[in-house]
K.L.:
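I have a structure I would like to understand better, so I am pasting it below and will then ask my questions one at a time.
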Amino acid sequence: MMPIMNANADPLEIQKFSELAHRWWDPTSEFRPLHDINPLRLEWINARAPLAGRKVIDIGCGGGILSESMARKGGDVTGIDLSQRALKVADLHSLESGVQVRYKLIAAEDMAAEEAGQYDVVTCMEMLEHVPDPASIVRAATALVKPGGHVFFSTLNRNPKSYLFAVIGAEYVLRMLPKGTHDYEKFITPAELSQYIRSAGLQVDSLKGLGYNPLTKLYSLNNDTSVNYMVACTRPV
Ligand code: SAH
């Protein structure tokens, strides 16, 4: 399938996710980490921005793990992505589960032009480290949210420890992820992401780390942002 062309998308990245898409909802597949972290991130988001009755957009939603869970909390959720196959999987899963989400194949920048200022909550998780120009996605997320609304990002930090854990550990030692899942050079430090966020006109409210214990295979929310981390922001009124 031809990936759709967009200036701020890496066709190889989109293809990689498309090829794995049929296994998206298998909690033992390559997507296991997303299943495992989902309850943590969902509760964190919902505690800061209660989702019930809110208009939510999930940028880079993939097969819809986070999108559907936010809809279960009562959010009116739109999920966007550039992988047609991932969106197909997301649509089918939503039919099966009966949890309604609107999925759309569109770039974040184009969606921002179409529906500026319409969302109470914007999420963009585990996606920025896969795009050529993450700052442009941050600007699109900012354009989509209403003044006073909330924006959440998560990504991978860039340092020797994150290289060891996210690339060597997860892809080579634990084999949790296929080799080549992550490109170290595209990882983003909290300082860089905070800079994109502030330049876009958002305010950073909270930074949290996601810790993984390979022995217990459990994740926890903490203040160690050295590998996986999440940022909560608001758009000033
Ligand atoms: N946010 C989801 C999925 C993360 S996987 C979750 O955390 O559960 C990364 C997703 O980003 C994939 O679905 C991939 O297709 C998507 N993606 C990568 N580059 C993109 C781009 N430029 N625009 C939109 N989506 C993109």
Side-chain angles (χ1 to χ4, degrees), residues 1-27 29-45 56-72 75 77-91 93-94 99 101 103-114 121-141 144 151-156 166 170-171 176-178 180-183 186-188 210 219 228-231:
M1 193 179 304
M2 277 289 290
I4 80 160
M5 288 304 150
N6 177 274
N8 190 21
D10 178 343
L12 289 176
E13 288 277 0
I14 304 298
Q15 190 187 338
K16 186 175 73 191
F17 286 104
S18 291
E19 277 163 9
L20 299 172
H22 60 288
R23 290 202 288 275
W24 211 289
W25 283 89
D26 174 353
S29 72
E30 294 83 354
F31 297 103
R32 176 178 179 156
L34 298 180
H35 289 274
D36 289 349
I37 64 175
N38 201 57
L40 284 174
R41 63 189 185 180
L42 175 67
E43 290 310 326
W44 188 64
I45 292 166
V56 182
I57 185 161
D58 188 19
I59 301 174
C61 62
I65 296 171
L66 179 66
S67 306
E68 242 192 56
S69 69
M70 295 195 291
R72 277 187 196 276
V77 181
T78 298
I80 64 170
D81 203 286
L82 287 177
S83 163
Q84 200 155 32
R85 288 181 65 178
L87 291 174
K88 183 112 189 253
V89 168
D91 256 329
H93 195 273
S94 139
V99 179
V101 177
Y103 289 111
K104 203 171 152 154
L105 183 78
I106 185 170
E109 290 87 348
D110 295 339
M111 194 64 168
E114 278 180 19
V121 179
V122 179
T123 56
C124 179
M125 314 300 265
E126 313 303 324
M127 183 264 199
L128 293 173
E129 70 275 21
H130 299 287
V131 303
D133 181 3
S136 168
I137 302 289
V138 173
R139 286 193 294 274
L144 285 161
V151 185
F152 298 89
F153 298 103
S154 73
T155 190
L156 279 164
E171 295 182 17
M176 288 164 57
L177 298 173
T181 296
H182 287 117
D183 177 359
K186 289 205 202 129
F187 292 4
I188 304 165
L210 266 175
Y219 288 87
N228 290 88
Y229 67 97
M230 308 194 287
V231 190

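For ligands, and for the atoms within them, numbers begin at 1 and follow the listed sequence. If you're wondering where the values come from, they're calculated on a predicted model, not measured in any experiment.
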K.L.:
Count the heavy atoms of every other residue, nucleotide or ligand shown that sit under 6.0 Å from NZ of Lys186, and state whether that count exceeds 12.
P.N.:
yes
K.L.:
Holding to side-chain contact (heavy atoms from CB on, under 4.5 Å), I want the full list of residues that pass it with Ser136, two or more places apart in sequence or in another chain.
P.N.:
Asn8, Glu109, Asp133, Arg139
K.L.:
I'd like to know if the side chain of Glu68 reaches the main chain of Val101, judged simply by a donor and an acceptor atom lying under 3.5 Å from each other, with no hydrogens or angles considered.
P.N.:
no
K.L.:
By ring pair (Phe, Tyr, Trp, His ring centres under 6.0 Å), which residues pair with Tyr229, not counting sequence neighbours?
P.N.:
none
K.L.:
Please list, by chain and number, the protein residues whose heavy atoms come under 4.0 Å of ligand 1.
P.N.:
Asn8, Ala9, Ile14, Phe17, Trp24, Leu34, Arg41, Gly60, Cys61, Gly62, Asp81, Leu82, Ser83, Met125, Glu126, Met127, Val131
K.L.:
Who are the ring pair (Phe, Tyr, Trp, His ring centres under 6.0 Å) partners of His130, not counting sequence neighbours?
P.N.:
Phe17, His182
K.L.:
Over 60° means perpendicular and under 30° means parallel, so tell me whether Trp25 and His35 are parallel, tilted or perpendicular.
P.N.:
perpendicular
